[in-house]
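Nothing here was measured: the structure is a model prediction, and the numbers come from that model. Quick note on labels: first sequence line is chain A, next is B, and so on, each numbered from 1.
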Amino acid sequence: MGDGTTATSNRGGGGNGGSGSNKPAWLQQYDLIGKIGEGTYGLVFLARTKSPSNRGKSIAIKKFKQSKDGDGVSPTAIREIMLLREISHENVVKLVNVHINHADMSLYLAFDYAEHDLYEIIRHHRDKVTNPIHPYTVKSLLWQLLNGLNYLHSNWIIHRDLKPSNILVMGEGDEQGVVKIADFGLARIYQAPLKPLSDNGVVVTIWYRAPELLLGAKHYTSAVDMWAVGCIFAELLTLKPLFQGAEVKATPNPFQLDQLDKIFRVLGHPTQEKWPTLVNLPHWQSDVQHIQGHKYENPGLYSVVHLPLKSAAYDLLSKMLEYDPRKRITAAQALDHEYFRSEPLPGRNALVPSQAGAEKVMNYPTRPVDTTTDFEGTNSLQTSQPVSSGNAVSGSMAAGHVVPNRSVPRPMPVVGMQRIQAQGMSAYNLTSQAAMGGGMNPGSIPMQRGVAAQAHQQQMRRKDPGMGMPGYPPQQKSRRF
Amino acid sequence: MAANFWTSSHYKQLLDQEEVDVVHPLDKEKGVTLEDFKLIKMHMANYIGRLGQNVKVRQRVVATAITYMRRVYTRKAMTEYDPRLVAPTSLYLAAKAEESTVQARLLVFYVRKLNPDEKYRYEIKDILEMEMKILEALNYYLVVFHPYRALSQLLQDANLNDLTQLSWGIVNDTYKMDLILIYPPHLIALACIYIASVHKDKETTAWFEELRVDMNVVKNISMEILDFYDSHRTITEDRITTTFNKLALRS
């Protein structure tokens, strides 16, 4: 069923893939540049398209290894494909292609490449330039993150693993400075209540984990993503993770005392008046002594993030870090917050802080690329890979050194691929509002729309606004009757 | 979008009956008729259901698996994609997509247990290979909507909760046909409620009239279901074996 958008299924490369060539036909449409990331279940490569229409366009290709325990395509890959095939939004990565190499049973997901991510941007400011991120940039990044998240939530998708390294930002090009939410390996549709990830033995980073999960809540809600956004917001402001707890590993128990302690230190203890269902949470009851042992009297969030108590930014942040998930601000409400209506107004290119006058783009370092690794993940390029041999020569043939892997300083054992790139210019013409149920954009937000991408318009299917709710609206006429 | 049927890939992929009722040329060459084609798909739907019970997955997973299997055969020939492998593999893939992963070796165990006929016997390796081929054949669209959710909501709305069991069973039976490829799930649910209410002499005319749906479509679906019940009382194992022999797989 070609709909012309994505997902070639490659008969040629597939069927006879076992014939000895390790370069399936589909791969020939790319020039491999090198490896840009590595995760527990595979590698991520940077490549460029060769097709005349999109020549030189950067693509990130995520390769999933066949799991060793003989259980086929990884459920993470299935989740990611399943969700990304259904959704389309300017602030969400777009799956450009899916390829299967039947010969070695590997699966490749191709995304449009994003040069930056919040992890690197924060690190750059903290370690290299030692100045804060420009307020315009912080606000624009946050607005776009919320915009993408609101789209997901209104489609009943919870991301469940939001953290700075999963929030990508487009580099030079038509979409410069546009945020893309990436890594849907843990994302879920929550038509039915979701069991905690820990039930599946999944480990996700704890720094961005909501308190209700740490206390053993049995089910996820979209509020867990908003907690993570709050943590990310604070980190953008201070360049430090807000709640940097030490993880107790190798336990299926979601209870993480140190993480909770870090939260309580800053926000004070949750109380039953403020969070009535608190007492029902398993770990609040069973670990009363541990948790409630220390008393932290002075909630000091504003001093940690250096924000005036009365500022709109502080108000928004504290609403994101509300203990009771039912009172926590939603993405839609957050987009409507005063913070986004005051100067500097958020914009589409988050990397251009000086809106007035000469536009000066923040120069963030580009992603390190290990040009010595081929698609097989082997650490030297073979001559049978003419596609990439050029790069190998100019690149790092010299010492066969591997570019310091970016996963090194990563805080947590990550389930997902560290660096997943995203999104093409093709989503460009989709107004941010079109998919958000309308009215979410607080009117005044000057999200500049590009004009350059009109040519791609054909590729987009404009989504009906206002269709965020599940179920079957009876007034909808089916197309066929 | 993932949780809204009207913007989903499922809705966009709905086909007309005539598009579904096409026997692949390769199968036609082997003498497979439309009747045979439907029969095998029905037989495989039953098989997926039995496997699903054994590996203990919810009905929803079974329903998704059957939908995958039926979608595969709108594009692929049975002579190339052996139904006896596609069926368990569809269940395997659906279990992952519906977050209730089943181990391949467990599936292989029950495949053996349920089938004395060794033509059904496939190894783990075969399932894993077929999983990727099915993913491809599905064009990587994995989200499927089912009538069950709408069914409960509608029954509640109509205050017909005592029809739950009967109408739920009818919904299960609709997967023996291609309805899920053709009609929006809520219309299938309505047809099942309609049949159940007529069967139990419940007065529902007023309620149906209040719904803003095309009752002609609902009645057409109902007729198809009733026709199906009529015509499939008579199917014998022999008939199925004969049909499979035409495919001449793994001879």
Side-chain angles (χ1 to χ4, degrees), chain A residues 1-3 6-11 14 66 69-75 77-79 81-88 95 98 100-102 105 107 151-152 154-157 187-192 194-195 200 435 461 463-464 467-481, chain B residues 1-16 60 71 74-75 89 92-93 95-99 101-105 124-125 127-133 135-143 145 149-150 153-154 182-187 189 210-214 216-217:
Chain A
M1 290 302 262
D3 57 14
T6 61
T8 62
S9 59
N10 208 296
R11 301 261 55 93
Q66 182 74 265
D69 49 3
D71 253 313
V73 181
S74 104
I78 299 279
R79 272 187 215 114
I81 294 172
M82 179 163 160
L83 288 173
L84 291 176
R85 281 298 265 161
E86 300 289 322
I87 62 184
S88 167
L95 187 61
V98 184
I100 283 175
N101 185 0
H102 294 273
M105 308 266 284
L107 181 80
Y151 167 83
L152 295 175
S154 55
N155 284 288
W156 301 86
I157 294 167
R188 285 286 312 275
I189 304 171
Y190 57 108
Q191 291 177 328
L194 300 186
K195 288 192 226 153
N200 310 332
R461 270 189 251 92
K463 304 291 185 189
D464 285 331
M467 297 301 295
M469 302 306 287
Y472 312 101
Q475 72 277 16
Q476 272 277 346
K477 277 273 184 267
S478 156
R479 73 183 163 116
R480 55 187 50 240
F481 310 118
Chain B
M1 267 167 280
N4 178 347
F5 176 73
W6 302 104
T7 53
S8 68
S9 64
H10 182 156
Y11 175 61
K12 288 170 195 141
Q13 289 186 94
L14 289 181
L15 299 169
D16 292 325
R60 185 188 167 79
R71 283 185 184 172
T74 61
R75 292 154 206 176
T89 311
Y92 180 62
L93 181 59
K96 279 183 194 172
E98 300 283 355
E99 298 281 337
T101 304
V102 171
Q103 288 191 329
R105 57 178 172 79
I124 293 177
K125 174 175 77 61
I127 289 187
L128 301 189
E129 278 173 23
M130 183 51 82
E131 181 187 28
M132 293 198 148
K133 290 168 87 174
L135 267 175
E136 250 180 8
L138 295 174
N139 205 4
Y140 310 101
Y141 288 119
L142 300 175
V143 173
F145 288 76
R149 177 170 293 264
Q153 287 166 355
L154 291 165
I182 300 168
Y183 300 103
H186 71 291
L187 294 182
E210 270 176 38
L211 296 172
R212 287 201 275 168
V213 295
D214 188 339
N216 287 326
V217 180

Hey, mind stepping through Arg79(A) and Glu99(B) against side-chain contact (heavy atoms from CB on, under 4.5 Å) and telling me if it holds? CA-CA 9 Å; Arg79(A) 272 187 215 114; Glu99(B) 298 281 337; 2.5 Å; yes
Part of Leu138(B) within contact of chain A (heavy atom distance under 4.5 Å): neither
Got a second to check how far Asn101(A)'s CG is from Met132(B)'s CE, nearest 0.5 Å? 8.5 Å
I need the Asp71(A) CG to Ile124(B) CD1 distance, nearest 0.5 Å. 7.5 Å
Checking Glu129(B) now: which residues fulfil salt bridge (Lys or Arg N to Asp or Glu O under 4.0 Å) with it, not counting sequence neighbours? none
Could you check which of Ile127(B), Val102(B), Leu135(B) has the highest count of heavy-atom pairs closer than 4.5 Å to chain A? Leu135(B)
Please find the pair of heavy atoms, one from Thr101(B) and one from Pro75(A), that lie closest to each other, and give the distance. OG1-CG, 4.3 Å
Sort Leu93(B) into side chain, backbone, both or neither according to what part of it lies under 4.5 angstrom from a heavy atom of chain A. side chain
Partner set under side chain to side chain contact (heavy atoms under 4.5 Å, CB included) for Ala97(B), not counting sequence neighbours: Ile78(A), Met82(A), Tyr68(B)
